[in-house]
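Counting convention: from 1, in listed order, for ligands and their atoms alike.
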Amino acid sequence: MSAQVAAAAARRVRGLTCRVCGRLYPQQPLHYCEDDFGPLQVDYDPAASALTRDTITARPPTMWRYRELLPLDGEPIVGAGVGMTPLVLAERLGHELGVERLWLKVEAASFPTLSFKDRVVSVSLGAARELGLTTVACSSTGNLAHSLAALAGVAGMQAYVFVPADTEPSRLALARAHGAKVIAVRGTYDDVNRLCGQAADRFGWGFVNINLRPFYLEGARTVAFEIAEQLGWRAPRHVVVPTAGGGLLCQVGRGLEEFRALKLIDETACSLHGAQAAGCNPIVAAVREGLEAPRPVQRPRTVCKSLAVGDPGDGVFALEAIRRSGGWAEDATDEEIKEAMLLLARTEGVFAEPAGGVVVTAARKLIEQERIGRGEDVVLVLTGSGLKAPEVVTDRLPPLPEIAPSMKELAALLK
Ligand SMILES: *Cc1c(COP(=O)(O)O)cnc(C)c1O
Ligand SMILES: [Zn+2]
């Protein structure tokens, strides 16, 4: 049997279906329905009826241990080592925030580029290869650019990444170091994204977060699979998720639902809480005001650039997921973000990016409001590392003394 015949025999992806009207499309780089502009979802046979806890735990500690639940026909082409980031009990931070059982899902430790985007990129690039695409691209606030650059390089694919021109220079350097063509666009993320939507139609590239978005989103569910497995095969009572376009939050909810349906975990409820920066909080505002759809924020203004998406693509679905789960959403000012980054760094030794400061602040507020109970399990998703742009907190650090290499000066300093 040739490799091609074997691949066809093993084919699991049936196509794409519209989440609004259910219309089925053949497998292709397409993310919205031509009839109603509803978002498309990959339609595939999860082949998971036989998936048991024992099968999963016998496999290597990567996100591919759930491969029956991922939308590739063949083997992944890149990212074989992605996933299974640590879930750690954060007793010291929990004590500061006033809860007994606080866990951190540390995506800041993700291999190879220190953010949860490694998951969605490795699935998208596998799909791109199966669709015969050779050039991949993305619109990004920084982390997606970095991950796509790194993994496309490994796959031997040409990568174009588009970012707002005010992205931290250190983040741009990372993407460029991996060989991607980085294009800085003068405008907000929403401007960049709009341009990329047009470019996707024009150039026939696979934009991982646009025309390959149905595949991208499937990869994000693995965060939930891992949390449930690492907690000993159960859902936590609460998860707090930093939210930009809303994709990750929705997929964490979906991942837990699928695990329940597969009887890998029991039916206990998990509340999904969103966390955003106060300077770009369309989902938080919609939760507070009881809106059905977020009102776009025209001019995001926050130190947390990775969450600065003014017009969240999955906003309506994120609101629905939050409400259905009995969750809430809270935001954080720049001052609160930096303070919380330093609190996390001091108490747990984790230097997360500003999105980590956002999630810690949101958790603090949810606990103060008694939406999260003192004895309930709560997981904070730390989606990215602060090491990519550490200068964010410099203005909050104590002065740095400088002395001559002399005991006299040292003694004077320590007096
Ligand atoms: C991409 C990203 C998220 C989640 O983004 P969504 O668009 O809501 O899926 C959260 N935190 C960080 C650091 C990210 O890079
Ligand atoms: Zn439709």
Side-chain angles (χ1 to χ4, degrees), residues 16-25 30-41 43 105-108 110 113-121 138-148 163 167-168 171 174 189-190 193 208-210 213 216-221 223-224 239-255 272 274-277 280-284 294 302-315 317-319 321-322 329 332 337 341 352-360 362 380-389 392:
L16 304 164
T17 42
C18 173
R19 277 153 74 186
V20 175
C21 72
R23 180 173 162 188
L24 183 66
Y25 291 82
L30 181 71
H31 66 300
Y32 60 88
C33 175
E34 288 161 1
D35 295 337
D36 51 25
F37 299 103
L40 301 184
Q41 186 165 306
D43 181 50
K105 179 60 172 165
V106 191
E107 294 291 288
S110 175
T113 70
L114 311 184
S115 90
F116 103 93
K117 295 302 195 299
D118 291 327
R119 300 173 186 273
V120 294
V121 168
C138 68
S139 56
S140 170
T141 56
N143 285 321
L144 185 59
H146 183 196
S147 183
L148 182 69
V163 291
T167 304
E168 299 95 333
R171 287 180 180 272
L174 290 170
Y189 173 79
D190 294 302
N193 201 43
V208 295
N209 60 327
I210 302 178
R213 189 165 181 82
Y216 169 111
L217 291 176
E218 294 295 300
R221 291 142 64 241
V223 174
V239 185
V240 191
V241 185
T243 302
L248 177 61
L249 185 140
C250 294
Q251 299 309 320
V252 167
R254 241 187 95 212
L272 303 169
Q276 297 197 296
C280 183
N281 66 351
I283 290 173
V284 174
T302 168
V303 67
C304 184
K305 305 214 182 287
S306 52
L307 300 181
V309 173
D311 189 4
D314 280 296
F317 297 104
L319 285 174
I322 289 169
I337 291 169
M341 285 171 72
E353 72 150 79
V358 168
V359 97
V360 168
L380 311 188
V381 186
L382 299 178
T383 40
S385 172
L387 301 179
K388 301 185 190 190
V392 167

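- For the Zn ion (ligand 2), the neighbouring protein N/O/S atoms at less than 2.8 Å, given as residue and atom, are Cys18 SG, Cys21 SG, Cys33 SG, Asp36 OD1, Asp36 OD2.
- Judged by distance alone, with hydrogens and angles left aside, the side-chain atoms of Gln276 form a donor-acceptor pair with the main-chain N or O of Val284 at under 3.5 Å.
- Residues satisfying the side chain to side chain contact (heavy atoms under 4.5 Å, CB included) test with Ala145, not counting sequence neighbours, are Ser140, Val161, Val163, Ala175.
- With sequence neighbours excluded, the residues forming a ring-ring contact (aromatic ring centres under 6.0 Å, His included) with Tyr32 are Phe37, listed by chain and number.
- Asp118 places no side-chain N or O within donor-acceptor distance of the main-chain N or O of Ser147, the cut-off being under 3.5 Å.
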side-chain contact (heavy atoms from CB on, under 4.5 Å) between Val381 and Val239, intermediate numbers included:
CA-CA 7 Å; Val381 186; Val239 185; 3.8 Å; yes
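- Exactly one of Gln251, Arg254, Arg119 qualifies for a side chain to side chain donor-acceptor pair (under 3.5 Å) with Glu218. That residue is Arg254.
- Judged by distance alone, the side chains of Thr113 and Asn143 never bring a donor and an acceptor atom under 3.5 Å apart.
- Near ligand 1, heavy-atom contacts under 4.0 Å come from Phe116, Lys117, Asn143, Pro242, Thr243, Ala244, Gly245, Gly246, Gly247, Leu248, Ser306, Leu307, Glu353, Ala355, Thr383.
- Without hydrogens or angle criteria, Ser306 side chain to Cys304 main chain gives no donor-acceptor distance under 3.5 Å.
- In this structure, Arg19 is positioned above the aromatic face of Phe317, its NZ or CZ under 6.0 Å from the six-membered ring centre and within 45° of the axis.
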